[in-house]
Amino acid sequence: MEVQYSSTRNSGKKITASQAILQGLSEDGGLFVPDHIPALSLSMRELADRNYQETAYEVMKLLLTDFTEEELKDCIARAYDSKFDTEEIAPLVEAEGAYYLELFHGATIAFKDMALSILPHLMITAAKKNHVDREIVILTATSGDTGKAALAGFAGVAGTKIIVFYPKNGVSPIQEKQMVTQKGDNTFVVGIHGNFDDAQTGVKQLFNDKELAGEMAACGLQFSSANSINIGRLVPQVVYYVYAYAKLLKEEKIADGEKINVVVPTGNFGNILAAFYAKNMGVPINKLICASNENKVLYDFFMTGEYDRNREFKLTSSPSMDILISSNLERMIYRIAGDDADQTGKLMKALSEQGVYHVTEEMKEGLSDFHGGFADEKETAERIRSLYEDTGYVLDTHTAVASAVYQKYAAETGDKTKTVIASTASPFKFTRSVMNAIDQKYDAMGDFELVDELSKIGNVKIPKAIEEIRTAPVLHDHVCDRTEMKAVVKQFLGME
């Protein structure tokens, strides 16, 4: 049965998966959602014998139904290849009774590679399917990881350009160096004076600027998104939760049908939403544990049913989670509102205008699959240190938030369900924070000295992504105010 997509703010208009991927964001400002979530066509026992690429096909064929078998398999083969430093693509590592799903073995050593290595191929295929003759301009805001992963994915891809905005002082030094050294004539990186929410809001405004869209069309250009608001980002993320369960089953860590918990360090809500979709497709998941850092807007939402972004924005050691407007939560709101686009639109309007909205008690009951938790900076650092000292395994700051939240959850509830923790970035991406957590003596070292020391104490090879940027020249030094984003985009596209 074909899966069609509609906007969270207008459920009447249906489009295909390829059209939703191309468009990125709906014209009404809503996000595209599937009209139903199909059940897996293979049992978990059957999937246990599939590799990552085969599992990806079995999941994605059900959600991207207007792609042919040949098209999907070609996109998958191009995405999940030698760019990843392990054939497993997403290995599971057991430490202190939990299973860490390592999602950082791709080209930019963060989980965004899992989806952004395939999105360019899905997008180019979608353009051909829909006879699009305009050049696609990928417009993206990043809190650190999406930017580099998108740049790496789209660099040099014919028929595309990519523009990435990031908060100038809101990413780690390694994250920034990864972005500003990006090669490719079709790439453009801009730091903005502001935080991630400012960048994300500015990008959404550009998407909804009808006058700009008309000017671009006249120049043979159209916008699309590589942010997690694009359904082409979300669907590939469902795959690794299916794969993780099947892998645990194959290794006899769980019995067939035994439920697991999943813990996800959460900022924009896309990664944990993918786990929710996996559960709804038939993966035996019990609790979805949403882990927040000190910007705990999601924790407060799960506790109270009130989403309130009117609070101090905190810069933490887990910058990819420093977010107060979790865009993908809108897809969940639509779901718990009974697929009511009008109600969803009203809540999102309240968020935009007043910075706060409340869900009904009935809607709150629809969130029963989730448990919210948070870890502060001290708890995050302590978790990195204690796990390293006890096992030798080194976590990045984001995964440490999730691990600390899981520890608290297990202690509070006594829940002994086997648990998968999404490990979203390599510790090499946040070396200073990680090494300082292990021992303050490391703070005197330079960034790349820390890289070498981390490799030594963790007994882990330095990733290629880090080695490449040691001596790479800065190619992007653009910085602008958030009010200048439109002018900067037009300048790069040669429209002024």
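Computed from a predicted model, the values in this text were never measured in an experiment.
- Here Glu88 pairs with Lys247 in a salt bridge; the nearest charged N to carboxylate O distance falls below 4.0 Å.
- Phe269 and Phe370 have their aromatic ring centers within a separation under 6.0 angstrom.
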Legend entry - side chain to side chain contact (heavy atoms under 4.5 Å, CB included) between Leu72 and Leu64, worked out: CA-CA 9 Å; Leu72 258 188; Leu64 307 179; 4.2 Å; yes

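- Shown here for Ala278 and Val242, the closest heavy-atom pair between the two residues is CB-CG2, 4.3 Å.
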Inset, instruction - Applying side chain to side chain contact (heavy atoms under 4.5 Å, CB included), run through Tyr241 and Val283 and close with a yes or a no. - result: CA-CA 8 Å; Tyr241 294 109; Val283 180; 5.7 Å; no

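- Under a 4.0 Å N-O distance rule, the pair Glu69/Lys73 qualifies as a salt bridge.
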Inset, instruction - Under the side chain to side chain donor-acceptor pair (under 3.5 Å) rule, what do Glu294 and Thr316 come out as? Steps first, then yes or no, please. - result: CA-CA 7 Å; Glu294 289 183 359; Thr316 73; over 6 Å; no

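- Here the closest non-hydrogen pair linking Val401 and Ser292 is CG1-O, 3.3 Å.
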Legend entry - side chain to side chain donor-acceptor pair (under 3.5 Å) assessment of Thr16 paired with Gln19: CA-CA 5 Å; Thr16 65; Gln19 289 168 334; 3.3 Å; yes

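- Lys287 forms no cation-pi arrangement with Tyr409, by the criterion of a distance under 6.0 Å to the ring centre and an angle within 45° of the ring axis.
- Taking a cutoff of 4.0 Å between a charged side-chain nitrogen and a carboxylate oxygen, Asp369 and Lys279 qualify as a salt bridge.
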Inset, instruction - Go through Leu273 and Met332 one step at a time and tell me if the side chain to side chain contact (heavy atoms under 4.5 Å, CB included) criterion holds. - result: CA-CA 7 Å; Leu273 182 68; Met332 195 68 217; 4.0 Å; yes

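- Side-chain rings of Phe84 and Tyr80 approach one another, their centers coming within less than 6.0 Å.
- When side chains are defined from C-beta on, Gln222 does not count as touching Gln23, because their heavy atoms never get closer than 4.5 Å.
- For the pair Leu288 and His371, the minimum side-chain heavy-atom distance is 4.5 Å or more.
- Nearest approach of Val137 to Ile163, heavy atoms of both residues: CG1-CD1, 3.9 Å.
- Taking the six-membered ring where tryptophan is involved, the planes of Phe207 and Phe223 are tilted, since the angle between them lies from 30° to 60°.
- At least one donor-acceptor pair closer than 3.5 Å links the side chain of Glu46 to the backbone N or O of Ser43.
- Nearest heavy-atom pair, Arg331 versus Leu31, reported as atom, atom and distance to 0.1 Å: NH1-CD2, 3.6 Å.
- Residue Glu312 comes nearest to Leu324 through the heavy atom pair O-CD1, 4.3 Å, listed as atom of the first residue, atom of the second, then distance.
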Legend entry - Ser18 vs Asn130, side chain to side chain donor-acceptor pair (under 3.5 Å): CA-CA, chis, key distance, verdict: CA-CA 8 Å; Ser18 64; Asn130 291 279; 3.0 Å; yes

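- Using a 4.0 Å cut-off between charged nitrogen and carboxylate oxygen, Asp145 and Lys112 do not count as a salt-bridge pair.
- Annotation: cation-pi geometry not satisfied between Lys253 and Tyr99 (NZ/CZ under 6.0 angstrom from ring centroid, within 45° of ring axis).
- Side-chain contact of Ser11 with Asp339: a donor-acceptor pair under 3.5 Å is absent, judged by distance alone.
- Taking the six-membered ring wherever Trp is involved, the centroid distance between the rings of Phe313 and Phe196 does not fall below 6.0 Å.
- In this structure, Tyr52 and Tyr243 have perpendicular ring planes: the angle between them is above 60°, well past the 30° mark.
- Contact annotation: the side chain of Met60 approaches that of Leu122 to within less than 4.5 Å [non-hydrogen atoms, C-beta and beyond].
- Using a 4.5 Å heavy-atom threshold, the side chains of Leu47 and Leu249 count as separate.
- With no hydrogens or angles considered, no side-chain donor-acceptor pair links Asn268 and Asn328 at under 3.5 Å.
- Under the 4.0 Å criterion applied to side-chain N and carboxylate O atoms, Arg9 and Asp342 are not assigned as salt-bridge partners.
- Taking the side chain as every heavy atom from C-beta outward, Met44 and Pro284 approach each other to under 4.5 Å.
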Legend entry - Test log, rule side chain to side chain contact (heavy atoms under 4.5 Å, CB included), inputs Ile138 and Ser225: CA-CA 5 Å; Ile138 305 298; Ser225 172; 6.0 Å; no

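- Using a 3.5 Å distance cut-off with no hydrogens or angles, the side chains of Arg383 and Ser403 do pair a donor with an acceptor.
- Side-chain N or O atoms of Lys429 include one that pairs as donor or acceptor with a backbone N or O of Thr108 at under 3.5 Å.
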Inset, instruction - Show your working on side chain to side chain donor-acceptor pair (under 3.5 Å) between Arg233 and Asn271 and close with a plain yes or no. - result: CA-CA 10 Å; Arg233 273 278 305 275; Asn271 204 1; over 6 Å; no

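- Salt-bridge check for Lys296 with Asp376: failed, with every basic side-chain N at 4.0 Å or more from each acidic carboxylate O.
- The minimum heavy-atom distance between Ser7 and Asp28, with the atom names listed, is OG-OD1, 2.8 Å.
- Put simply, the side chain of Ile89 reaches to within 4.5 Å of the side chain of Met114, judged on heavy atoms.
- At a threshold of 4.5 Å between non-hydrogen side-chain atoms, the residues Lys364 and Ile336 do not count as touching.
- Under 3.5 Å, the side chains of Asn195 and Arg482 contain no donor-acceptor pair of N or O atoms.
- Looking at Thr380 and Glu377, their side chains never bring a donor and an acceptor atom within 3.5 Å of each other.
- A donor-acceptor contact under 3.5 angstrom links the side chains of Ser327 and Gln200, judged on distance only.
- Side chain of Gln354 to backbone of Leu351: no donor-acceptor contact under 3.5 angstrom is found.
- Looking only at atom types and distance, the side chain of Thr201 has no donor-acceptor partner in the side chain of Asp198 under 3.5 Å away.
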Legend entry - Worked verdict on Arg311 versus Asp300 for salt bridge (Lys or Arg N to Asp or Glu O under 4.0 Å): CA-CA 12 Å; Arg311 61 183 69 202; Asp300 292 340; 2.8 Å; yes

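- With hydrogens and angles disregarded, a donor-acceptor distance shorter than 3.5 Å links the side chain of Thr160 to the backbone of Val157.
- Aromatic ring centres of Tyr299 and Phe374 lie closer together than 6.0 Å.
- Ring to ring, Phe111 and His398 are not that close: their centroids are 6.0 angstrom or more apart.
- At least one side-chain heavy atom of Thr397 sits under 4.5 Å from a side-chain heavy atom of Phe430.
- Listed by chain and number, the residues in a ring pair (Phe, Tyr, Trp, His ring centres under 6.0 Å) with Phe165 amount to none (sequence neighbours excluded).
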